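Below is one structure, written out as structure tokens; the observations come after it.
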Amino acid sequence: MPNRSIILPFLLSLPLAGGMINSDAADQPVSATLVIDATAVSAFPIPRELTGKFCEHLGANIYNGMDAQILRNPTFADYPFWTGQMSPDGITTFHFERPSIEGELRRQAIRAGWPEAELPGLLKARNDSLACFWARAGRDDDVQISPDTGPQGGRAQRLELRPGAGVRQWAWLPLHRTRQYEIQILARSPDMASLRVTLSAAQDQAPTAEVNVSGLGPGWRKLTGSILVPRDAAADAPYCLTLSAETGGQLVLGHVFLRPADHVNGADPDVIRLLKESRLPLLRWPGGNFVSAYHWEDGVGPVESRPTKPNYAWGGVEPNTFGTDEFIAFCRAVGCEPMICVNAGTGTPAEAARWIEYCNGPATSPMGGRRAANGHPEPYRVRRWEVGNELWGHWQAHWTTASGYVDRYRQFSRAMLESAPDIQLLACGAPVLWGKNWNDTLIAGLAGDIRSFTDHPLIGGDTPRATDPLDVFRDFMRVPDILERKWGDLREDASRGGAKDVRLAVTELQMFAHLGAAAGAGEKERLNRENLVNPATLGEALYDTLIYHAAARLQPFVSLVTHSATVNHGGGLRKERERVYANPCHYAHLLLAEFAGAKAVKSTLQGPSERAPLVLPEIRNAGGDQSFGVVDALVALSPKDELLLSAVNRGTAGPINLTVKLGSFRAAGSAEVFALSGPVPWAVNTLAEPDAIRPVRSPAEVREGEMVLALPPFSVVRARLPAR
């Protein structure tokens with residue numbers, strides 16, 4: 001894909017689903033002026049934690065995302081599919097009708113890029129009691145199937161095989177990066193000593209690569225092997241992994257893991273590299289809705305001893321192969337601080353206290369000793385602990401009322417602080433857009449104890465398909481102004497209520513609009529999946545940057561942001577067919593990371609404005625002016641006395657020439673400028689064009705105390721000026 005310089009003119013007459021962008025406006029840049037007073041400097045540095053991220057056991061965020069393990073359902077679980085509905089207690093409900101299950105299995109296999117010819121065998125094998133996503137290798141009568149029980153209970157897979165038969169699964173391999181793969185099998189057999197593992201580029205063809213794995217016996221054993229894919233083998237095709245028995249016999253499988261040999265403590269090295277390059281400061285885990293039914297002790301100790309359980313928030317299974325130790329190892333590989341959200345839904349205060357001791361206690365303590373026995377003698381020193389997730393929501397396992405949460409927080413905080421008095425606790429606040437009653441109840445009930453609220457501004461809602469896609473974008477561009485005002489109101493409410501020096505932690509953030517009702521009679525359907533701004537689009541990059549600006553202006557009130565999410569769920573990175581690439585918002589976070597530790601300086605902005613048409617249902621009652629400035633800017637002085645400027649062109653009329661008057665700041669030479677922009681706000685990076693939207697570097701000259709920045713349409717621009 002071509003790069004877009006900040007000095008290139010905007011593309012003319014770009015066709016949109018909702019009409020045409022005006023070419024005259026695109027040709028004629030509008031002027032705006034930013035006046036900087038570098039003598040008026042904030043007393044509070046901008047926290048590095050404003051560009052944090054959040055990960056959750058949802059879809060392919062962790063498993064088949066952050067995790068390098070490639071196979072689906074590697075523990076041979078009875079795989080439940082979510083209906084999309086919750087019980088009255090906030091527990092997900094699962095499909096039990098055969099057509100619904102087959103439909104979900106078919107949909108997920110197609111989405112994974114598996115050959116469609118494999119689908120009938122997948123469906124029949126599942127109905128014969130083979131674990132979901134696995135199929136027979138051989139004729140039906142060559143592979144007799146039944147469920148069995150694993151070494152610690154739970155489901156295992158029994159197979160009675162004729163010679164040469166077995167089971168298989170299709171997978172994509174990261175062959176762009178490595179040709180070496182590790183196989184690990186937990187199994188037992190009363191009459192076989194070895195298994196043959198092959199990788200084939202096409203079903204029933206000669207293997208591309210193979211290895212014999214020996215050591216089977218009547219008791220449970222963990223077997224390992226290594227497979228090398230030849231360099232001349234195709235890199236852009238799925239491969240069929242087959243486990244077969246040369247001699248035939250009985251086999252019981254507990255798990256089968258396939259990992260690239262270049263994994264980083266089990267994690268995907270491309271994910272690690274990109275997060276490290278973005279200088280990720282903080283990572284929140286394990287939820288999200290998932291945590292409200294998660295019991296951390298299921299996810300520590302030897303992997304073969306960990307149970308596989310249903311995922312009671314999102315459907316599917318939780319194999320518990322990515323637990324506390326793996327999370328800490330991931331954070332250390334990236335170089336970021338870990339933050340843990342505890343189960344304050346189905347969990348207990350004592351369970352949370354044990355978790356803290358497991359992470360922070362000395363090896364001489366009961367839980368610290370357990371950590372040491374698991375190979376980690378030194379404490380993890382996790383500082384930030386969030387007491388539950390969205391417990392005001394009826395989709396949350398064991399949700400509660402505002403007064404109920406006050407009671408619950410007191411119980412949890414008492415037990416958690418007894419375990420480690422020096423940790424920082426975050427209380428579960430409600431979204432400021434509508435949650436004033438909840439937050440007021442917390443302030444009244446916990447004024448002397450609360451130190452930090454959380455907010456989850458997941459704003460958007462269902463939007464009719466007759467809506468102009470640019471109107472959806474305009475509404476989102478007004479949301480950061482609404483949040484800045486309401487966060488300021490929350491700060492004042494807390495102060496008046498006696499909660500002094502309280503902080504706000506934004507622990508989930510992303511655009512959250514969805515396609516709503518179809519266009520009515522006589523209406524044109526203008527909004528669709530391709531032009532709805534969402535976390536994968538350039539619009540999310542602008543949206544996040546505007547919220548970071550607001551958070552910086554509210555210092556020291558907003559202490560951190562953990563954006564949703566690391567991989568595949570929300571905005572950040574995408575992993576498709578084992579290749580990882582960045583969403584536009586990843587680059588916006590990278591650009592803003594430069595502001596960590598800098599102090600905001602006073603600036604005055606004059607320029608054009610637009611109006612939000614209020615097509616997003618969730619902001620219609622937010623109040624305040626519907627207009628917003630087309631340009632928004634944040635200016636700060638770094639610890640190196642560099643002037644940092646972040647500017648967003650959130651208008652829809654074309655480019656902006658921003659004249660920056662530096663005042664008393666004396667710049668040394670030209671500014672280093674990076675611009676992130678695209679032709680439309682719903683522009684995306686894709687597997688085929690992973691670099692379509694990325695920052696472009698250029699200089700900007702400073703003359704007589706001024707410089708002019710060209711702000712392309714739909715752009716984030718960051719400039720850095722060294723002091724003379």
Side-chain angles (χ1 to χ4, degrees), residues 64 68-74 76 109-110 112-126 128 130-131 133-145 157 159-185 187 189 191-216 223-251 253 255-263 577-579:
N64 303 113
Q69 201 287 126
I70 293 169
L71 300 176
R72 298 288 305 272
N73 196 12
F76 298 92
I110 291 173
W114 294 356
E116 291 200 27
E118 183 74 354
L119 296 180
L122 271 179
L123 300 178
K124 185 176 190 313
R126 189 267 168 193
D128 290 344
L130 184 58
F133 306 107
W134 293 90
R136 289 181 171 91
R139 296 175 302 180
D140 288 356
D141 56 357
D142 290 338
V143 185
Q144 300 298 314
I145 303 165
Q157 186 68 61
L159 307 170
E160 297 181 21
L161 305 174
R162 290 182 179 174
V167 291
R168 68 177 179 230
Q169 183 177 134
W170 285 89
W172 291 80
L173 307 175
L175 293 170
H176 65 287
R177 201 181 63 232
T178 182
R179 296 274 164 162
Q180 192 81 40
Y181 294 86
E182 300 170 356
I183 187 83
Q184 184 188 104
I185 303 170
S189 174
D191 46 21
M192 290 191 296
S194 64
L195 293 172
R196 183 177 183 231
V197 182
T198 64
L199 287 169
S200 303
Q203 185 174 316
D204 300 326
Q205 283 193 2
T208 304
E210 64 180 290
V211 64
N212 285 318
V213 179
S214 60
L216 276 172
L223 316 178
T224 59
S226 180
I227 304 177
L228 179 64
V229 179
R231 290 201 171 275
D232 59 353
D236 294 317
Y239 281 76
C240 185
L241 176 94
T242 300
L243 275 69
S244 60
E246 291 295 306
T247 60
Q250 297 187 69
L251 176 67
L253 293 170
H255 70 230
V256 177
F257 299 142
L258 179 67
R259 294 185 177 93
D262 64 350
H263 66 82
R577 302 186 174 187
E578 290 300 308
R579 292 178 182 258

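Only this structure's heavy atoms are used, side chains among them; waters, hydrogens and symmetry mates stay out. Given the structure is predicted, the values throughout are model-derived calculations rather than measurements.
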Please name the pair of heavy atoms, one in [X] and one in [Y], separated by the smallest distance, quoted to 0.1 Å.
| X | Y | answer |
| --- | --- | --- |
| Y181 | L173 | OH-CB, 3.6 Å |
| A137 | V143 | O-CG2, 3.9 Å |
| T208 | P230 | O-CD, 3.4 Å |
| A206 | S200 | O-OG, 4.1 Å |

Salt-bridge criterion met for R177 and E578 (N-O under 4.0 Å): no
Check ion pair R136-D142 (N to O, under 4.0 angstrom): no
To the nearest 0.5 Å, tell me how far [X] [atom1] sits from [Y] [atom2].
| X | Y | atom1 | atom2 | value |
| --- | --- | --- | --- | --- |
| L175 | R577 | CG | CZ | 13.5 Å |
| R72 | W114 | CZ | CH2 | 6.0 Å |
| Q69 | H255 | CD | NE2 | 9.5 Å |
| L130 | Q144 | CG | CD | 12.0 Å |

Counting C-beta onward and ignoring hydrogens, is there a side-chain heavy-atom pair between [X] and [Y] closer than 4.5 Å?
| X | Y | value |
| --- | --- | --- |
| T178 | P260 | yes |
| I185 | L243 | yes |
| S194 | M192 | no |
| Q180 | S226 | yes |
| V167 | L253 | yes |

Mutual orientation of the aromatic rings belonging to W134 and F76 [parallel < 30°, tilted 30-60°, perpendicular > 60°]: parallel
Heavy-atom donor-acceptor pair, [X] side chain to [Y] backbone, under 3.5 Å:
| X | Y | answer |
| --- | --- | --- |
| S189 | Q250 | yes |
| Q169 | A135 | no |
| W170 | L241 | no |
| D128 | I145 | no |
| R259 | A68 | no |

Check against side chain to side chain contact (heavy atoms under 4.5 Å, CB included), R162 and D141: CA-CA 9 Å; R162 290 182 179 174; D141 56 357; 3.8 Å; yes
Residue pairs, two or more places apart or on separate chains, that pass side-chain hydrogen bond (donor to acceptor under 3.5 Å, both in side chains) and touch residues 228-245: D236-R579
